[in-house]
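Just below is one structure, and these are the notes that go with it.
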Amino acid sequence: VLDGFIYEGDIANIDPNSIEQVSILKDAAASAIWGARAGNGVIVMTTKKGALNREVRVSFNATLMLQEKPDYTSLYRMDNSTFMDIEKMLYDKGYYNFNINTLKYAPVTPFVDLLDKKAKGLILLADSVKWDNFYRNQNGAQNYMDNFVSNPVTQQYALNLNGGSKSNSYGFGVGYTHSGTELAAKTRKLNIQLNNSFRPTDRLQVDLSVLFTDQLVRSGKPTYDSFTNSNKAVPYLSFHGPDGEEIPFEREYRKLYLDQSYVNGYLDWNYYPLSDYRNSTTSNKLRELYTNLALNYKLTPYLTVSVAGQYQNQQVTAEGLDNKDSYIARRTVNQYMLVDKNTGAVRYNVPKGGILRTNNGIGSSYTLRGQLNLNKSWADHRVLGILGVEMRERLYREGSHIAYGYTEDPLLTVPVDHVTTYPINPTNINMGIAGAPSFLKQVNRFVSQYMNLSYTWKEKYGVSGSF
């Protein structure tokens with residue numbers, strides 16, 4: 001809950017420098033006011049505001065945070081020789097026979113692949129010994145850190161200005177955050193806050209608050225746990241070969257099988273992790289406006305009536321681009337390719353080029369609330385109460401699609417058939433081409449009445465009730 005109203009966005013969108021106070025409500029009163037969603041409690045945040053009769057105050061904060069790299073070498077891993085000896089024992093006993101002889105396209109670990117090539121005479125003995133020794137001397141976690149991990153860095157800047165006169169108080173704040181993770185994912189966020197409180201008379205107060213957020217998040221490098229062969233990670237993970245050459249990682253399919261079965265007309269099936277993250281990128285853009293207006297009128301010294309409204313609008317654009325050189329684009333083209341067995345003619349059901357995935361979401365909500373507030377004290381007694389009615393609506397729209405054959409210059413895409421199914425290479429499973437335009441619309445409306453009343457005696461004993 002932000003400034004008295006439910007906040008529908010991600011709490012990470014809010015600039016912590018704009019928050020004055022945070023409290024947590026866990027009793028029945030929270031559910032009485034904010035409904036069933038508050039059954040497990042409510043986090044109530046109040047933004048910074050100005051004060052009456054105070055001169056202008058200006059503050060500026062700049063923060064630079066440089067963090068240590070996460071140490072993946074501290075994770076337990078079986079030593080290479082023991083791991084490889086177990087793999088050899090399992091290979092000799094036929095444990096991998098199903099993958100190697102039946103599910104031929106499924107990837108196996110590098111050492112099992114080496115054992116199989118050796119058994120089938122597909123590699124020279126000298127090369128087999130060279131690769132065996134190479135694997136036994138690798139430190140997979142260190143190799144990953146050396147090639148992908150860097151120090152996370154965060155820069156934060158915050159400017160706040162507030163003050164007030166006899167009848168008016170105001171506050172203005174700007175926050176900017178730029179951060180990079182250990183895998184070079186980037187986040188840029190701009191927050192702007194404006195609030196104003198006006199008291200034309202002793203009995204009437206008008207409060208206005210506006211929060212604006214603009215954020216951009218870009219993807220980085222692949223995660224450590226993404227490097228598995230058929231869900232199996234190895235301690236001798238390496239991205240270069242014995243002679244320093246970059247080697248592909250068998251992400252989904254076995255290279256040996258593809259090289260033997262899918263050559264003519266096909267694009268390169270290999271996944272090169274050291275460079276592929278530059279060819280496959282994602283970005284998420286968010287723009288949000290959150291504003292509320294409240295009028296408070298004091299009927300008597302202990303009774304106040306308030307009418308308030310809140311409006312929130314959030315636009316999110318998620319975009320993923322796999323350019324023509326990316327593994328995803330090359331693999332998808334190959335998967336849907338058809339080669340005539342008689343003539344050798346090639347048909348590309350998914351055109352060559354990049355793949356652009358877009359998802360646009362727009363969410364908006366409004367709340368109207370009327371409330372009567374009671375706060376009366378006499379002698380050792382105190383009575384607090386609220387009685388109110390609230391009307392609320394939340395609307396969400398979303399649209400997504402995938403464009404194939406995408407190029408940026410010239411800006412082109414190629415239409416595809418999303419209805420027909422095709423036998424997918426190399427699994428031979430019939431599948432349609434994903435990404436037909438899809439749309440979603442959701443509307444939720446709420447009307448609620450609520451009441452909470454509490455009585456306290458001598459500031460020690462109390463009783464309360466709510467509905």
Side-chain angles (χ1 to χ4, degrees), residues 1-35 37-61 63 156-164 168-177 189-199 205-213 288-296 298 304 306-312 365 367 369 371 373-375 377 382 384-386 388 390 450 452 454 456 459 462 464 466:
V1 173
L2 182 63
D3 287 337
F5 293 94
I6 294 175
Y7 178 74
E8 295 287 354
D10 186 343
I11 194 173
N13 299 339
I14 301 172
D15 182 9
N17 292 297
S18 69
I19 300 300
E20 180 74 31
Q21 182 181 1
V22 178
S23 58
I24 298 176
L25 302 180
K26 297 185 290 185
D27 57 13
S31 297
I33 300 171
W34 286 291
R37 293 175 62 182
N40 293 323
V42 179
I43 299 174
V44 181
M45 296 177 289
T46 305
T47 57
K48 293 179 180 178
K49 295 175 175 60
L52 297 175
N53 300 312
R54 189 169 72 184
E55 294 182 354
V56 178
R57 294 183 179 180
V58 180
S59 65
F60 177 76
N61 296 318
T63 305
Q156 289 184 329
Y157 305 93
L159 173 67
N160 284 283
L161 180 152
N162 59 72
N168 185 67
S169 63
Y170 55 86
F172 175 75
V174 178
Y176 178 77
T177 300
K189 181 170 66 173
L190 173 68
N191 295 96
I192 300 175
Q193 175 201 5
L194 173 66
N195 60 71
N196 189 82
S197 182
F198 178 55
R199 291 187 177 183
Q205 179 175 328
V206 182
D207 296 318
L208 172 67
S209 176
V210 179
L211 296 175
F212 174 77
T213 301
E288 180 181 68
L289 177 67
Y290 182 90
T291 180
N292 60 65
L293 176 67
L295 286 79
N296 298 279
K298 184 178 291 188
T304 303
S306 67
V307 178
Q310 172 264 342
Y311 176 75
Q312 181 177 3
S365 67
T367 304
R369 177 189 299 158
Q371 185 171 298
N373 306 293
L374 172 66
N375 186 349
S377 300
R382 187 180 184 188
L384 296 174
I386 57 173
E390 182 177 282
Y450 57 91
N452 181 263
S454 66
T456 305
E459 301 295 334
S464 66
S466 60

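Of the N and O atoms on the side chains of N196 and D207, not one donor lies less than 3.5 Å from an acceptor on the other residue. In the model, Q205 has a side-chain atom that pairs as donor or acceptor with a side-chain atom of S197 under 3.5 Å. For the 3.5 Å distance criterion, the side chains of N13 and T213 fail to qualify, holding no donor opposite an acceptor. At a cut-off of 3.5 Å, with distance as the only test, no side-chain donor of Y7 or Q310 sits close to an acceptor on the other residue. If you check the side chains of N160 and R57, you find no donor sitting under 3.5 Å from an acceptor.
V56 is listed as a side-chain neighbour of Y170, based on a closest heavy-atom distance under 4.5 Å. Taking the side chain as every heavy atom from C-beta outward, Q193 and V210 never approach each other to under 4.5 Å. Contact check for T304 versus L374: no side-chain heavy atoms found under the 4.5 Å cut-off. Side-chain atoms of L161 and V174, non-hydrogen and from C-beta on, never get closer than 4.5 Å to each other. A heavy-atom distance below 4.5 Å is not found between the side chains of L211 and T291. Counting heavy atoms from C-beta on, the side chains of L159 and N61 never come closer than 4.5 Å.
With hydrogens and angles ignored, the 3.5 Å screen pairs a side-chain donor or acceptor of R369 with a backbone N or O of G4.
Other residues, nucleotides and ligands contribute more than 12 heavy atoms inside 6.0 Å of the CG atom of L293. Within a 6.0 Å sphere centred on NZ of K298, heavy atoms belonging to other residues, nucleotides or ligands number 12 at most.
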Candidate pair Q21 and T47, rule side-chain contact (heavy atoms from CB on, under 4.5 Å), full reasoning:
CA-CA 7 Å; Q21 182 181 1; T47 57; over 6 Å; no

For the pair F5 and Y290, evaluate side-chain contact (heavy atoms from CB on, under 4.5 Å) and give the outcome as yes or no after the intermediate values.
CA-CA 10 Å; F5 293 94; Y290 182 90; 3.4 Å; yes

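Shortest non-hydrogen contact noted between I14 and S18 is CG2-OG, 4.3 Å. Summarising the geometry of S306 relative to N296, their closest heavy-atom pair is CB-OD1, 3.0 Å, with the distance given to 0.1 Å. Between A294 and A308, the shortest heavy-atom distance links the atoms CB-CB, 3.9 Å. When all heavy atoms of Q371 and I386 are compared, the pair lying nearest together is NE2-CG2, 3.7 Å.
Salt bridge status for E20 with K48: absent, with no side-chain N to carboxylate O gap under 4.0 Å.
With rounding to the nearest 0.5 Å, the separation of CG in N191 from CG in N17 is 9.0 Å. To the nearest 0.5 angstrom, F212 atom CZ is 13.0 Å from L194 atom CG. Atom CG of L384 is separated from atom CG of N452 by 9.0 Å, given to the nearest 0.5 angstrom. A distance of 5.5 Å separates CG in N292 from CG in D3, rounded to the nearest 0.5 Å. Here the straight-line distance linking atom OG1 of T177 with atom CD of Q156 works out to 4.0 Å at 0.5 Å rounding. Atom OH of Y450 sits about 6.0 Å away from atom CD of E390, to the nearest 0.5 Å.
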